[in-house]
Number of protein chains: 2
Amino acid sequence: MNYSRQREEVMDQLKLHHDHPTADIIFAELRERDPNISLATVYRNLKLLSEHGAIKKLTFVSGADHFDPNTELHYHFVCNECGRVFDVPMKVAEHLDQDAEAFVPGEVTGHELVFYGVCDECARKS
Amino acid sequence: MNYSRQREEVMDQLKLHHDHPTADIIFAELRERDPNISLATVYRNLKLLSEHGAIKKLTFVSGADHFDPNTELHYHFVCNECGRVFDVPMKVAEHLDQDAEAFVPGEVTGHELVFYGVCDECARKS
DNA sequence: ATGAAATTAATAATTATTATTAATTTAATG
DNA sequence: CATTAAATTAATAATAATTATTAATTTCAT
């Protein structure tokens with residue numbers, strides 16, 4: 001993988017976020033600083049970076065994929081109202097993979113745990 | 001919600017599955033028995049049924065959504081090679097929601113746990 | 001039976017993502 | 001440095017998944 005300014009920009013912009021943005025959000029933000037960057041370039045680099053393990057693709061929200069610059073195993077909370085994704089810095093349940101293995105027709109290499117509910121901000125609105 | 005033959009067919013066909021099919025799979029199968037049923041009708045009814053809590057939409061696989069006629073809380077295993085979704089009939093960790101609540105800016109109402117790995121069939125092939 | 005509301009098939013439109021391509025950039029090598 | 005092959009880009013076309021539109025049909029309470 002050669003260096004590219006655009007890929008570095010995508011990575012840097014994603015790192016500014018703690019809210020796991022989608023490709024189009026990263027694109028819109030980068031466009032302000034770099035009016036020539038292409039949407040396909042953002043998608044391609046997010047794909048490349050996640051394939052190389054530099055970032056994590058989050059596929060648990062219906063619609064667009066979200067991206068997380070933190071590749072450490074951790075959990076997430078999704079608000080059913082606004083769709084925003086928050087980190088859940090609770091202790092990771094390491095044993096789950098072994099527990100599951102007994103019930104599965106294959107080898108378990110990891111897990112993803114997502115909590116659902118309503119964030120405080122949305123609760124206040126209704 | 002009025003009765004409709006098409007909605008009943010969608011529900012019945014989904015119930016025949018234990019592998020959490022996508023909308024296009026249900027559509028292809030129904031088309032054989034009912035050559036007039038429309039793809040949009042399948043999508044619309046899967047949407048309606050999941051909004052009414054009669055089935056569960058599974059959004060954790062990149063690409064098309066999957067559907068599960070079993071609305072009881074249970075976990076899943078996804079093969080990273082073939083993308084198939086299996087049930088994981090292990091005990092549900094009820095306490096997780098309360099555990100997470102302390103770390104979350106909102107109210108937790110549920111969770112989804114997905115295990116990843118390689119199924120036996122794909123392991124044999126490589 | 002009648003009629004308003006719900007539903008359908010067909011298809012257009014939208015959204016998210018990937019593929020194509022000609023031009024540009026990167027970086028190894030002479 | 002200059003050369004050049006491979007990687008990357010911007011622009012845009014294409015694809016995949018899903019939703020919206022609409023006129024016709026079906027459901028179901030009166």
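Within every chain, numbering begins at 1; the chains are lettered A, B, ... in the order of the sequence lines, protein sequences first and strands thereafter. Predicted, not measured: the structure shown is a model, and the values here were computed from it.
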Exercise answer: donor-acceptor pairs, residues 5-12 of chain A side-chain atoms, under 3.5 Å, sequence neighbours excluded:
from, atom 1, to, atom 2, distance (Å)
A:Arg5, NH1, A:Glu9, OE2, 3.0
A:Arg5, NH1, A:Asp34, OD2, 2.9
A:Arg7, NH1, A:Asn45, OD1, 2.8
A:Arg7, NH2, A:Asn2, O, 2.4
A:Glu8, OE1, A:Tyr3, OH, 2.8

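- When the side-chain contact (heavy atoms from CB on, under 4.5 Å) test is applied to A:Asp97, the partners found at least two apart in sequence or on another chain are A:Val108, A:His111, B:Phe115.
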Side-chain polar contacts of residues 60-67 of chain B - donor-acceptor pairs under 3.5 angstrom, sequence neighbours left out - could you list them?
from, atom 1, to, atom 2, distance (Å)
B:Ser62, OG, A:Lys57, NZ, 3.4
B:Ser62, OG, A:Asp65, OD2, 3.3
B:Asp65, OD2, A:Ser62, OG, 3.3
B:His66, ND1, B:His20, O, 2.6

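- When only modelled atom types and interatomic distance are considered, A:His17 and A:Glu29 share a side-chain donor-acceptor pair under 3.5 Å.
- Atom OG in B:Ser38 sits 7.0 Å away from atom CZ in B:Arg31 (nearest 0.5 Å).
- The closest side-chain donor-acceptor pair between B:Asp87 and B:His18, if any, does not fall under 3.5 angstrom.
- Applying the salt bridge (Lys or Arg N to Asp or Glu O under 4.0 Å) test to residues at least two apart or on different chains, the pairs with a partner in residues 116-126 of chain B are B:Arg84-B:Glu121.
- The rotation axes computed at either terminus of the helix from C:dA1-D:dT30 to C:dG30-D:dC1 lie 30° apart, taking five pairs at each end and rounding to 10 degrees.
- Atom CZ of B:Phe86 sits about 6.5 Å away from atom SG of B:Cys79, to the nearest 0.5 Å.
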In B/S/- notation, 5' to 3', how is nucleotides 8-24 of chain C contacted by protein heavy atoms closer than 4.0 Å? BBBB----SBBB-----
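- One interatomic measurement links the two molecules: CG of A:Asn2 to P of C:dA27, which rounds to 5 Å at whole-angstrom precision.
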